[in-house]
2 protein chains.
Amino acid sequence: MEVTPLTKRNHYEEITEQLKRQILEGKLKVGDKLPSTKAMSERFGVGRSTTREALSALKAMGLIEIRQGGGCTVIRSEPEAEIKLPELEALRLNRKTLLELIEVRQSLESSIASLAAEKRTDEDVRALKRIVKEMALAVGDDLEGERTDIEFHLALVKATHNSMLSKVLDSIMTPMELAIREVRRVELYANRTVAERLLEEHSDIAAAVVSRNPEAAAEGMKRHLRNIERILLKYL
Amino acid sequence: MEVTPLTKRNHYEEITEQLKRQILEGKLKVGDKLPSTKAMSERFGVGRSTTREALSALKAMGLIEIRQGGGCTVIRSEPEAEIKLPELEALRLNRKTLLELIEVRQSLESSIASLAAEKRTDEDVRALKRIVKEMALAVGDDLEGERTDIEFHLALVKATHNSMLSKVLDSIMTPMELAIREVRRVELYANRTVAERLLEEHSDIAAAVVSRNPEAAAEGMKRHLRNIERILLKYL
DNA sequence: CTTGCAAAAGTTGTCTGACAACCTGATAAT
DNA sequence: ATTATCAGGTTGTCAGACAACTTTTGCAAG
């Protein structure tokens with residue numbers, strides 16, 4: 001097992017990190033046994049209690065198993081990656097979480113709008129225009145309204161031609177959708193006044209992107225999401 | 001705080017369980033401070049190292065925060081509401097991916113800096129100042145330089161008091177770290193000229209956050225990340 | 001009275017050495 | 001061959017001692 005010298009940060013954190021990294025990177029595979037605490041402590045140059053704190057942390061993360069007298073074994077080598085249903089339930093009802101999500105979205109999407117305005121191709125423009133048109137036809141229809149709304153934002157991030165940005169936005173949009181859906185979808189899209197205002201905002205953003213105006217695009221997106229925030233807050 | 005007698009199970013597991021239950025059940029609320037390790041050890045009738053192993057586990061679960069000399073604080077009282085970030089870890093890190101990551105980071109972190117400037121508490125300020133000081137001492141030391149750099153950005157996102165934002169940033173920082181490590185950590189932190197410039201930039205950002213100036217903070221962060229981008233590009 | 005700062009007290013971080021509890025494998029007795 | 005026993009390694013735990021850090025306290029200068 002390789003060890004890199006410890007930095008000034010707390011030793012037990014550092015050791016936890018290093019072991020975790022080796023497990024996640026596959027240098028330590030499932031079923032592998034870790035060296036004894038004594039051996040590891042000597043190699044890291046720390047006391048045994050410090051190493052034990054690291055092992056306790058790894059056990060709490062579910063990465064290793066510790067059997068008294070029998071050593072430590074790796075039992076998982078991937079980060080856990082699943083959303084549990086009961087947690088989503090909590091997500092929807094949790095006002096604070098929703099506000100945090102909106103804040104993240106505001107941060108991301110204003111940059112996205114700006115980048116899209118810089119990098120969009122003609123094909124991106126075509127897609128945006130198509131979606132805005134569909135959105136106009138969907139005023140008053142909650143299901144269609146939601147679909148076109150989401151599609152607009154996905155088309156926008158696609159126009160940045162940055163796949164990372166897509167992934168990150170996606171990870172935010174999914175819980176966001178779930179949070180809104182079935183709770184207040186109707187208020188957002190079925191109310192004609194609101195829907196028309198949303199349409200106008202989307203249209204402004206699209207126009208700014210088409211004319212390659214990053215500042216206006218970002219500003220439009222910020223206005224749009226602040227508006228959404230206000231509407232959602234009224235019903236929470 | 002109530003304690004029930006220890007069972008046959010390992011003491012540190014038992015203590016972890018009891019504390020976890022009290023936190024999830026709400027008997028210990030967010031912001032509450034746990035008793036000192038000495039006090040808890042006496043009440044449970046165990047040694048201090050045993051209690052520390054339990055605390056290390058709770059920290060790994062993200063339930064508590066441990067500050068040297070400052071005690072342990074409950075920072076979450078619900079089971080984690082995870083955002084699923086699709087297999088970012090498993091990505092091949094080529095030049096294009098790295099550029100995309102930097103772009104995402106620029107988008108996120110300028111907002112983060114701005115939000116931090118609005119929402120930071122005095123404690124956040126203390127943390128930032130401490131890190132900048134450490135960073136100054138670390139000039140020329142690549143390992144310490146990297147650690148303090150990462151810690152700075154984590155402290156900044158923490159100052160936004162938005163856990164979603166933390167998670168999102170975290171998910172792109174991990175691959176970013178790996179990428180930088182693979183490429184040229186040395187050039188970034190061991191070169192005194194570069195390290196001093198980075199220090200200055202971090203220092204500017206911290207100052208803007210301290211004086212609650214969101215625009216300056218965002219601007220400083222943008223400048224900082226553009227600079228990083230330039231340096232990395234030289235070595236790709 | 002307020003402010004600022006230094007000392008004190010309290011808390012976490014770490015090491016050491018010791019012993020108990022437990023697992024494993026080898027050896028000896030049956 | 002089966003069983004009993006033992007030796008060595010490993011985890012679990014404790015107590016005490018400092019180091020590093022934070023918060024509080026208390027005193028002195030303004």
Side-chain angles (χ1 to χ4, degrees), chain A residues 1 3 5-19 32-60 63-75, chain B residues 1 3 5-19 31-60 63-75 121-134 137-138 144 147-148 151 155:
Chain A
M1 210 183 56
V3 308
L6 302 182
T7 66
K8 184 166 155 275
R9 132 216 248 169
N10 294 337
H11 291 166
Y12 75 100
E13 280 183 30
E14 174 85 17
I15 292 174
T16 307
E17 268 307 310
Q18 284 198 30
L19 292 179
D32 282 3
K33 264 216 182 116
L34 300 187
S36 75
T37 53
K38 186 155 167 275
M40 283 206 274
S41 304
E42 280 164 6
R43 270 209 257 184
F44 280 111
V46 302
R48 213 162 70 86
S49 21
T50 303
T51 303
R52 280 191 56 78
E53 286 177 27
L55 293 181
S56 179
L58 292 175
K59 180 184 167 183
L63 290 177
I64 67 171
E65 181 189 57
I66 309 181
R67 288 188 342 260
Q68 175 162 195
C72 304
T73 317
V74 177
I75 60 177
Chain B
M1 214 182 55
V3 309
L6 302 183
T7 67
K8 162 172 145 287
R9 188 158 45 164
N10 292 337
H11 292 169
Y12 75 101
E13 280 183 25
E14 178 75 28
I15 294 175
T16 307
E17 271 308 311
Q18 284 198 31
L19 292 177
D32 283 2
K33 274 244 260 288
L34 299 187
S36 74
T37 52
K38 187 157 166 276
M40 282 206 277
S41 304
E42 280 164 6
R43 272 209 254 184
F44 280 111
V46 302
R48 214 162 69 85
S49 20
T50 304
T51 304
R52 280 191 56 78
E53 286 176 28
L55 293 180
S56 179
L58 292 175
K59 179 184 170 186
L63 290 176
I64 68 171
E65 180 191 57
I66 309 181
R67 289 194 340 268
Q68 175 162 349
C72 304
T73 316
V74 178
I75 59 177
T121 63
D122 292 348
E123 197 190 320
D124 296 325
V125 169
R126 270 200 298 280
L128 282 175
K129 283 187 173 169
R130 178 181 56 77
I131 294 171
V132 170
K133 209 175 291 175
E134 288 180 13
L137 295 176
E144 266 294 285
R147 179 187 70 80
T148 49
E151 209 168 310

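Model, not experiment: these values are computed from the prediction. A, B, ... follow the sequence lines: proteins, then strands. Residue 1 opens every chain.
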Undergrad: Considering residues at least two apart in sequence or located in another chain, which fulfil the side chain to side chain donor-acceptor pair (under 3.5 Å) criterion with Glu17(B)?
TA: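 By the side chain to side chain donor-acceptor pair (under 3.5 Å) rule, Glu17(B) matches no residue at all.
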Undergrad: Quick one: are Glu13(A) and Lys59(B) in side-chain contact, heavy atoms under 4.5 Å?
TA: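 Glu13(A) vs Lys59(B): side chains touch.
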Undergrad: Taking all non-hydrogen atoms of both residues, which atom of Glu53(A) and which atom of Ser56(B) are closest, and how far apart?
TA: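 Distance-wise, the nearest heavy atoms are O-OG, 2.8 Å.
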Undergrad: Tell me, for nucleotides 9-17 of chain C in 5' to 3' order, what letter each nucleotide earns: B for a base near a protein heavy atom under 4.0 Å, S for only sugar-phosphate near one, - for neither?
TA: -BBBBBBB-
Undergrad: When rounded to the nearest 0.5 angstrom, what is the spacing between CG in Leu34(A) and CG in Leu58(A)?
TA: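 The distance works out to 7.5 Å.
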Undergrad: Check side chain to side chain contact (heavy atoms under 4.5 Å, CB included) between Ala127(B) and all other residues, then give those that pass, not counting sequence neighbours.
TA: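 By the side chain to side chain contact (heavy atoms under 4.5 Å, CB included) rule, Ala127(B) matches no residue at all.
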Undergrad: Output the rounded distance in Å from CZ (Arg130(B)) to C1' (dT23(D)).
TA: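 Taking CZ of Arg130(B) and C1' of dT23(D), I get 15 Å after rounding.
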